[in-house]
Protein chains: 2
Amino acid sequence: MQELLTIGQLSTRSGVAMSALRYYEQIGLLRADRTGGNQRRYARSELRRVAFIRISQQVGVSLDEIREALESLPAARTPTPEDWTQLSRLWRNRLDEKITLLTRLRDDLDGCIGCGCLSLRRCTLSNPGDRVADEGPGARLAMPR
Amino acid sequence: MQELLTIGQLSTRSGVAMSALRYYEQIGLLRADRTGGNQRRYARSELRRVAFIRISQQVGVSLDEIREALESLPAARTPTPEDWTQLSRLWRNRLDEKITLLTRLRDDLDGCIGCGCLSLRRCTLSNPGDRVADEGPGARLAMPR
DNA sequence: CCTTGAGCTGAAGTTGGCTTTAAGTTGCAG
DNA sequence: CTGCAACTTAAAGCCAACTTCAGCTCAAGG
């Protein structure tokens with residue numbers, strides 16, 4: 001089994017265009033060794049990173065935020081289980097938030113449909129936990145961040 | 001209680017910039033009546049739409065797709081409960097997919113952390129249901145759409 | 001009536017996330 | 001050692017989703 005992947009191989013295996021992979025490297029999301037002739041050679045572990053990046057992106061996280069997360073992994077040494085645990089904890093919160101938001105949207109959409117109103121005022125959807133009730137009556141979006 | 005909202009009021013209540021609201025109107029996501037002096041007056045129901053738009057966007061849906069969804073609501077007549085049910089069903093699938101993806105990411109991240117590997121090859125994360133196994137060995141991202 | 005803040009338009013500018021292009025170099029199979 | 005696909009770079013281009021700007025008009029309180 002090959003140790004290192006060419007950019008073409010990484011692209012095929014990850015389903016991400018080569019140009020995108022180069023772009024990710026440029027903005028510090030991926031790293032690659034070079035051959036004598038200056039061609040990229042990726043460690044197999046970069047596949048994990050690409051998967052992490054694309055899935056995170058799919059659910060609305062910016063590349064900037066993804067980089068921040070990935071930067072918590074030390075570049076100098078091989079990440080320890082503790083390093084990964086740290087990263088995991090960070091993202092668990094973020095993911096939990098998103099899941100909650102989505103589930104609420106889905107259920108409230110269903111709920112609102114039930115009564116035929118799609119009222120985002122009466123629903124918790126746009127006003128979770130009535131957090132903004134003291135800002136006066138009426139609907140108001142309560143978004144994370 | 002006021003019947004119609006000015007753009008400033010809609011902006012304040014929705015937390016969405018006026019320029020964004022005008023943009024949404026321009027691309028057909030919102031509709032507004034006009035005063036004699038050409039100023040926008042929004043029906044209160046537009047508040048629902050804005051909430052729907054922003055929440056959908058939060059979880060990675062494009063404005064184009066959102067418009068498609070909203071277009072399933074008839075402009076000519078007041079939407080019936082059936083109209084809303086249709087829209088709801090459409091989005092339920094979409095949302096279910098996203099929720100599944102997110103939950104898997106979260107759980108697998110945890111699981112991988114457990115063994116200290118964050119292996120996206122062995123995990124279902126990047127290869128749900130081994131859907132791509134017959135495309136050869138190794139990791140490959142299996143994304144919806 | 002006057003002032004002032006809120007709103008109007010169209011056009012240009014911005015940011016994120018890439019893709020495309022041009023012109024050249026590398027690496028491997030035959 | 002040749003030929004050709006795969007690779008390299010920098011720069012330009014592109015699309016989505018807005019924001020900003022200039023120069024104006026409107027609406028409501030004093």
Side-chain angles (χ1 to χ4, degrees), chain A residues 1-43 46 49-71 141 143 145, chain B residues 2-43 46-47 49-71 141 143 145:
Chain A
M1 168 169 130
Q2 280 175 281
E3 257 318 293
L4 297 173
L5 302 171
T6 66
I7 191 168
Q9 291 170 327
L10 185 60
S11 172
T12 303
R13 283 179 168 280
S14 66
V16 174
M18 293 192 301
S19 58
L21 294 175
R22 289 197 198 96
Y23 174 70
Y24 290 164
E25 182 175 341
Q26 200 179 308
I27 63 173
L29 287 174
L30 295 179
R31 281 164 18 79
D33 294 336
R34 298 297 178 119
T35 63
N38 197 35
Q39 295 194 358
R40 290 171 180 82
R41 286 303 120 96
Y42 294 94
E46 294 303 281
R49 277 185 170 245
V50 178
F52 183 79
I53 292 165
R54 295 309 278 232
I55 293 171
S56 303
Q57 235 187 345
Q58 267 275 316
V59 296
V61 183
S62 73
L63 294 186
D64 233 59
E65 292 176 289
I66 295 170
R67 183 180 45 227
E68 265 180 60
L70 288 174
E71 270 170 4
L141 298 185
M143 293 289 163
R145 308 187 53 83
Chain B
Q2 281 175 278
E3 258 315 295
L4 299 172
L5 302 171
T6 65
I7 191 168
Q9 291 169 329
L10 185 60
S11 173
T12 302
R13 282 179 168 278
S14 67
V16 174
M18 293 194 301
S19 58
L21 294 174
R22 290 197 199 96
Y23 175 70
Y24 290 163
E25 182 175 342
Q26 199 179 308
I27 64 173
L29 287 174
L30 294 179
R31 282 163 18 78
D33 294 336
R34 297 298 178 117
T35 63
N38 198 35
Q39 296 195 356
R40 288 170 182 83
R41 287 302 122 94
Y42 295 94
E46 294 302 281
L47 215 40
R49 278 184 169 246
V50 178
F52 183 79
I53 293 165
R54 295 310 278 229
I55 293 171
S56 304
Q57 236 188 344
Q58 266 274 316
V59 296
V61 183
S62 72
L63 294 185
D64 233 57
E65 292 176 289
I66 295 170
R67 182 179 47 225
E68 265 180 61
L70 287 174
E71 270 169 4
L141 297 185
M143 291 291 163
R145 307 186 53 84

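First the proteins, then the strands, lettered A, B, ... as listed; each starts at 1.
In this structure, L63(B) and Y23(B) have side chains that are in contact, with non-hydrogen atoms separated by less than 4.5 Å. Considering only heavy atoms from C-beta on, S11(B) stays 4.5 Å or farther from V16(B) through its side chain.
Listed by chain and number, the residues in a side chain to side chain donor-acceptor pair (under 3.5 Å) with S62(B) are E65(B) (sequence neighbours excluded). Residues satisfying the side chain to side chain contact (heavy atoms under 4.5 Å, CB included) criterion with T35(A), sequence neighbours excluded, are Q39(A), R41(A). For N38(B), the side chain to side chain contact (heavy atoms under 4.5 Å, CB included) criterion is met by R34(B), not counting sequence neighbours. For R22(B), the salt bridge (charged side-chain N to carboxylate O under 4.0 Å, His left out) criterion is met by no residue, not counting sequence neighbours.
Rounded to an integer number of Å, the gap from OH of Y23(A) to C1' of dC15(D) is 13 Å.
Once you apply a 4.0 Å limit to the heavy atoms of chain B, the touched nucleotides of DNA chain C run 5' to 3' over dG7(C) to dT9(C).
Side chains of R49(A) and Y42(A): no donor on one and acceptor on the other come within 3.5 Å.
Along DNA chain D, the nucleotide nearest to T35(B) and the one nearest to D64(B) differ in position, and the one closer to the 5' end is contacted by D64(B).
Once rounded to the nearest 0.5 Å, the distance linking CG of L10(B) with CG of L5(B) reads 6.0 Å.
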Seminar exercise, completed: Nucleotide by nucleotide, nucleotides 5-13 of chain D touches protein heavy atoms under 4.0 Å in the pattern (B base, S sugar-phosphate only, - none) --SBB----
